[in-house]
Amino acid sequence: MTQPAVDPDFTDPAYDATVGTLSPATRDYLAQVAQRFPTPVEDLSLAQARENSQNARWRQREPEAVAAVVHRFHSAPTADLPVRLYYPAPAPAAEAEATTASTDCSGESTGGRTALLYLPGGGWTQGTSTLSDVMARRIANRSGAVVVTLTYQKAPEHPFPTALADVLSTFDWLVAGAEAFGIDPQRIVIGGDSAGGNLAAAACLALRDAARVAGAPDAAATPELLIPTLAGDLGFRPAGTAVPAAQLLIYPAVDPAMNTRSYELFATGHGLTASRMVFYWNNYIAAVPGATVNPLVAPARAADLSDLPTALVVTAGCDVLRDEGRAYAVALRAAGNTAEHWEYAGTPHDFIYADGKLAASADLVDRLGHELQRFAGDR
């Protein structure tokens, strides 16, 4: 069900003819979505749109048992945020030996697990830890990692940069409390889908620059660094030198220009519509001057993409966000980073939450679990 990690020739019409065609299973799934939710999100009240987004169990597999789900509140700069920590079920002895403890650069065991800070999507407007519960459990059990899901504050009530500040402060909170949480602070991966992928990518840029400034205070005056802008935008600055071990970007929204070929190809009839993306972007940034060219909003616009964590970019073959995700993977590699790209042919946006209906979704969720430790260790 998967495309190879090496990027194909995106200019080849035969490639688009394959990837850009909905599979029969996907057509049936989208018909079910349309029957259940006939009114476009942008035409609903915010309350109804948010309620609908949580009604995902009908399309997901049964939740797996894990060792524990710990519910906490983290005090971010402007709110107390709900956080869930999923601890994996006990693995067979040989597997547990390989996944439970991490090592530092000297080869000494740190005793902490790899962690994944996951940011559910929903156009910066919807989406909570409830949406990602089934996925979080499966990834935790397959990886042996602690999966942490964050319900960040939502637009339009809380436009940019509130959600990004929530993410950055939660990352700092995990690093500071790593011993208590049983995780390795050097092996915290950050990931998310759609708007959550946007926040994950932006957080990696911000945390990279925070680490640069912490390592060389004179660098704070360098115009290319995002931290001076970040502090002014957020009223918050990451605490220290910690950076994510990797970034997992699932069909991320990385450019508000919305002018790629995939926006033309899949504007309607493929799940996420072009008009809904306009609605989502407006909720997040319409009230923020200059936001469309701010790299913390549009990571694809960043002048400097070097020195970023190992990346995985996943794209859906029939998604308006497909082409910007493809381009971001290419740009990350061109800047000298390690970046893999997986594309799932015939799939729509948001397919990661349809693992009970689509084989591609089940494959992606389980593959993320099996591959997470590899990404966390490839720094």
Peer 1: Using 0.5 Å steps for rounding, measure from the CG atom of Leu116 to the OG1 atom of Thr149.
Peer 2: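 That separation rounds to 9.5 Å.
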Peer 1: Salt bridge between Arg261 and Glu324, side-chain N to carboxylate O under 4.0 Å?
Peer 2: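 So Arg261 does not pair with Glu324 through a salt bridge.
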Peer 1: Between the side chains of Arg50 and Glu157, is the shortest nitrogen-to-carboxylate-oxygen separation below 4.0 Å, so that they form an ion pair?
Peer 2: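 Yes, this pair counts.
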Peer 1: Mind checking the OG-CZ spacing from Ser262 to Arg322? Nearest 0.5 Å is all I need.
Peer 2: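 Separation between the atoms: 5.5 Å.
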Peer 1: Inspect the contact between Lys357 and Asp28 and indicate whether a charged nitrogen and a carboxylate oxygen are less than 4.0 angstrom apart.
Peer 2: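 Between Lys357 and Asp28 there is no salt bridge, as every charged N stays at least 4.0 Å from the carboxylate O atoms.
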Peer 1: Looking at residues at least two apart in the chain, or sitting in another chain, which of them share a ring pair (Phe, Tyr, Trp, His ring centres under 6.0 Å) with Trp281?
Peer 2: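 Counting only residues at least two positions away or on another chain, Trp281 forms a ring pair (Phe, Tyr, Trp, His ring centres under 6.0 Å) with Trp124.
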Peer 1: Where the side chain of Arg276 meets the backbone of Leu272, is there a donor-acceptor pair that is under 3.5 Å apart?
Peer 2: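 Pair absent, no side-chain N/O of Arg276 close to backbone of Leu272.
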Peer 1: Using modelled atom types only, decide if a donor and an acceptor are shared between the side chain of Gln126 and the backbone of Ala49 within a distance under 3.5 Å.
Peer 2: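 Yes; judged by distance alone, with no hydrogens or angles, the pair exists.
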Peer 1: What's the spacing between Ile183 CD1 and Tyr87 OH if we round to 0.5 Å?
Peer 2: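 If I round to the nearest 0.5 Å, the distance is 7.0 Å.
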Peer 1: Would you name the heavy atoms of Thr347 and Ala360 that are closest together and state the gap between them?
Peer 2: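 Of all heavy-atom pairs spanning Thr347 and Ala360, the closest is CG2-CB, 3.6 Å.
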Peer 1: Listed by chain and number, what are the side chain to side chain donor-acceptor pair (under 3.5 Å) partners of Glu179, not counting sequence neighbours?
Peer 2: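 Not a single residue meets the side chain to side chain donor-acceptor pair (under 3.5 Å) criterion with Glu179.
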Peer 1: Within a strict 4.5 Å, meaning less than it, do heavy atoms of the Pro348 and Phe266 side chains meet?
Peer 2: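 Pro348 does not reach Phe266 side chain to side chain.
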Peer 1: Which residues satisfy the ring pair (Phe, Tyr, Trp, His ring centres under 6.0 Å) test with Tyr86, sequence neighbours excluded?
Peer 2: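 For Tyr86 there are no ring pair (Phe, Tyr, Trp, His ring centres under 6.0 Å) partners, ignoring immediate neighbours.
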Peer 1: Nearest 0.5 Å, please: how far is CG in Leu131 from CG in Asp193?
Peer 2: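 Nearest 0.5 Å value for the CG-CG distance: 7.0 Å.
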Peer 1: So, taking the atom named OG1 in Thr151 and the one named CG in Leu119, what distance separates them when rounded to the nearest 0.5 Å?
Peer 2: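 Rounded to the nearest 0.5 Å, the OG1-CG separation comes out at 10.0 Å.
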Peer 1: Just checking, is any N or O donor in the side chain of Arg57 or Thr130 under 3.5 Å from an acceptor N or O on the other one?
Peer 2: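 Not at all, the side chains of Arg57 and Thr130 share no donor-acceptor pair under 3.5 Å.
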Peer 1: Is it true that Thr315 and Glu343 share a donor-acceptor pair across their side chains at a distance under 3.5 Å?
Peer 2: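 A donor-acceptor contact under 3.5 Å links the two side chains.
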Peer 1: Is it the case that the side chains of Gln48 and Asn52 hold a donor-acceptor pair, with the cut-off being a distance below 3.5 Å and no angle test?
Peer 2: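 Short answer, yes.
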Peer 1: Any side-chain heavy-atom pair from Leu368 and Ile352 closer than 4.5 angstrom?
Peer 2: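 SC-SC contact between Leu368 and Ile352 confirmed.
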Peer 1: Which value, rounded to the nearest 0.5 Å, describes the distance between Cys318 atom SG and Phe351 atom CZ?
Peer 2: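 Going from SG on Cys318 over to CZ on Phe351, the span is 10.5 Å.
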Peer 1: Pairing donors with acceptors under 3.5 angstrom, does anything connect the side chains of Asp323 and Tyr263?
Peer 2: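 There is no such pair between these side chains.
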Peer 1: Can you find a heavy atom in the side chain of Met135 that is under 4.5 Å from one in the side chain of Asp355?
Peer 2: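 The answer is no; the side chains never approach within 4.5 Å.
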Peer 1: Could you check Tyr118 against Leu248 for side-chain contact (heavy atoms from CB on, under 4.5 Å), going step by step and ending with a plain yes or no?
Peer 2: CA-CA 9 Å; Tyr118 195 84; Leu248 307 184; 5.9 Å; no
Peer 1: Do Leu150 and His74 come close enough that some side-chain heavy atom pair is under 4.5 Å?
Peer 2: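 A side-chain contact is absent here, since even the closest heavy-atom pair is not under 4.5 Å.
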Peer 1: Is Arg326 close to His341 at the side-chain level, that is, under 4.5 Å between some pair of heavy atoms?
Peer 2: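 Answer yes - side chains close enough.
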Peer 1: Would you say that more than 12 heavy atoms from the other residues, nucleotides or ligands in this model lie under 6.0 Å from the CD of Gln35, or not?
Peer 2: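 Counting other residues, nucleotides and ligands, CD of Gln35 stays at 12 neighbours or fewer.
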Peer 1: Shortest non-hydrogen contact from Val297 to Pro299?
Peer 2: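 Closest pair (atom of Val297, atom of Pro299, distance): O-CD, 3.3 Å.
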